[in-house]
There are 2 protein chains.
Amino acid sequence: MDRRFTISELAKDFQITTRTIRFYEEKGLLSPERSGTVRLYDSKDRVRLVLILRGKRLGLTLDESRDIIDMYEPDSANAKQLKKLLTKIREKREFLKQQGKEINKMLSELKMAEQNCAVALANAA
Amino acid sequence: MDRRFTISELAKDFQITTRTIRFYEEKGLLSPERSGTVRLYDSKDRVRLVLILRGKRLGLTLDESRDIIDMYEPDSANAKQLKKLLTKIREKREFLKQQGKEINKMLSELKMAEQNCAVALANAA
DNA sequence: ATACAGCTTGACGTTAACGTCAACGTAAGA
DNA sequence: TCTTACGTTGACGTTAACGTCAAGCTGTAT
């Protein structure tokens with residue numbers, strides 16, 4: 001259960017390049033172990049990658065994703081930090097809810113477009 | 001009801017810059033009337049802008065947004081075109097549905113993070 | 001021992017979506 | 001008429017998120 005992965009294993013599993021993974025590390029989103037100079041990734045790193053990639057699909061920047069990921073692991077935090085974090089989390093939630101609404105709008109509009117298109121196709125036949 | 005707008009009126013209304021609006025035109029997303037050299041925008045252009053900006057918030061590229069906008073107005077199309085269009089629309093809808101699911105995942109995770117954070121805050125007090 | 005696959009760190013190139021600046025035209029009010 | 005505000009077209013600059021070499025180290029199978 002404590003298997004480690006090489007960078008190219010990760011790349012294959014997540015369908016990204018090794019360059020991308022190293023880039024995420026540069027940006028402070030990952031910090032794998034090192035065996036000498038070589039990077040070794042564990043399951044926590046994999047979770048982080050899942051979150052990063054989901055964030056990307058949702059249009060978040062890497063900086064935003066890093067913020068969110070940090071939310072999942074409130075480290076040795078004092079009350080002030082925690083309050084700030086709570087605020088951030090709530091903001092992010094509001095943003096995502098809004099995003100959800102916009103998606104629904106677009107979905108219903110596309111549905112109408114689809115119907116129009118189908119009708120036009122039927123008439124053309 | 002057929003009022004026209006200047007570029008800076010639009011910019012103000014939509015909270016974007018005139019540069020942005022001209023850029024969208026360069027990219028083929030808008031094609032306003034001209035009164036001499038001056039651009040004049042009508043309500044259809046405003047609708048397009050709404051769609052473009054929503055697309056942006058949903059993480060679509062401008063090219064993708066242009067495709068979608070074109071879906072709303074199937075011009076003189078033949079059957080082949082329409083079928084292609086239908087396929088595209090359905091793909092886009094699947095993509096957006098998936099996006100909606102991911103948002104819900106992230107929302108529930110953030111909810112947990114929020115609770116953890118709140119608990120930690122209570123303990124710290 | 002060597003060949004080769006896989007890892008490393010730079011360093012520079014690329015694309016999208018604008019920002020910024022320059023140089024110019026134009027319409028309307030003082 | 002002259003300024004002032006707003007419009008125009010280039011052209012170059014910028015940031016994020018990687019891609020693409022180059023040059024070198026490393027472990028292992030032959």
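Chain naming here is simple, since letters A, B, ... match the order of the sequence lines and numbering starts at 1 in each. Both backbone and side-chain heavy atoms feed into the values below; hydrogens, waters and symmetry mates do not.
- Between B:Glu9 atom CD and D:dC6 atom P there is a gap of 11 Å when expressed in whole angstrom units.
- Under 4.0 Å is where a charged nitrogen must lie from a carboxylate oxygen, and between A:Arg19 and A:Glu26 at least one such pair does.
- Annotation: cation-pi geometry not satisfied between B:Arg46 and B:Tyr41 (NZ/CZ under 6.0 angstrom from ring centroid, within 45° of ring axis).
- Distance A:Leu10 CG to C:dG6 C1': 15 Å, rounded to the nearest Å.
- Rounding to whole angstrom units, CD of residue A:Glu25 and P of C:dG10 are separated by 12 Å.
- Judged by distance alone, with hydrogens and angles left aside, the side-chain atoms of B:Asp45 form a donor-acceptor pair with the main-chain N or O of B:Asp42 at under 3.5 Å.
- Panel note: side chain B:Arg34, backbone B:Leu40; no donor-acceptor pair is recorded below 3.5 Å.
- For B:Arg66 (side chain) and B:Gly28 (main-chain N/O), no donor-acceptor pair under 3.5 Å exists by modelled atom type.
- Between the NZ atom of A:Lys12 and the C1' atom of C:dA5 there is a distance of 13 Å, given to the nearest Å.
- Under a 3.5 Å cut-off, the side chain of A:Gln115 and the backbone N or O of A:Met112 do not form any donor-acceptor pair.
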Subject >> Protein proximity profile, nucleotides 17-26 of chain C - base contact B, sugar-phosphate-only contact S, no contact -, cut-off 4.0 Å on heavy atoms >> reply: BBBB------
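- Summarising the geometry, the separation between CD1 on B:Ile21 and P on D:dC6 is reported as 15 Å, rounded to the nearest angstrom.
- Rounded to an integer number of Å, the gap from B:Arg34 CZ to D:dT8 C1' is 8 Å.
- For the segment residues 45-54 of chain B, no residue has any heavy atom less than 4.0 angstrom from an atom of DNA chain D.
- Ionic pairing of A:Glu109 and B:Arg54 is present here: one or more N-O contacts between side-chain nitrogen and carboxylate oxygen are shorter than 4.0 angstrom.
- With hydrogens and angles disregarded, a donor-acceptor distance shorter than 3.5 Å links the side chain of A:Glu9 to the backbone of A:Thr6.
- Applying the 4.0 Å criterion to OP1 and OP2 of C:dC7, one finds that A:Ser8 has a side-chain N or O inside that range.
- Taking atom CD on A:Glu64 and atom P on D:dT15, their separation rounds to 17 Å, with Å as the unit.
- Straight-line distance from the CZ atom of A:Arg22 to the C1' atom of D:dA22: 14 Å, rounded to whole Å.
- Atom CD of B:Gln98 and atom CZ of A:Arg57 lie 7.5 Å apart (nearest 0.5 Å).
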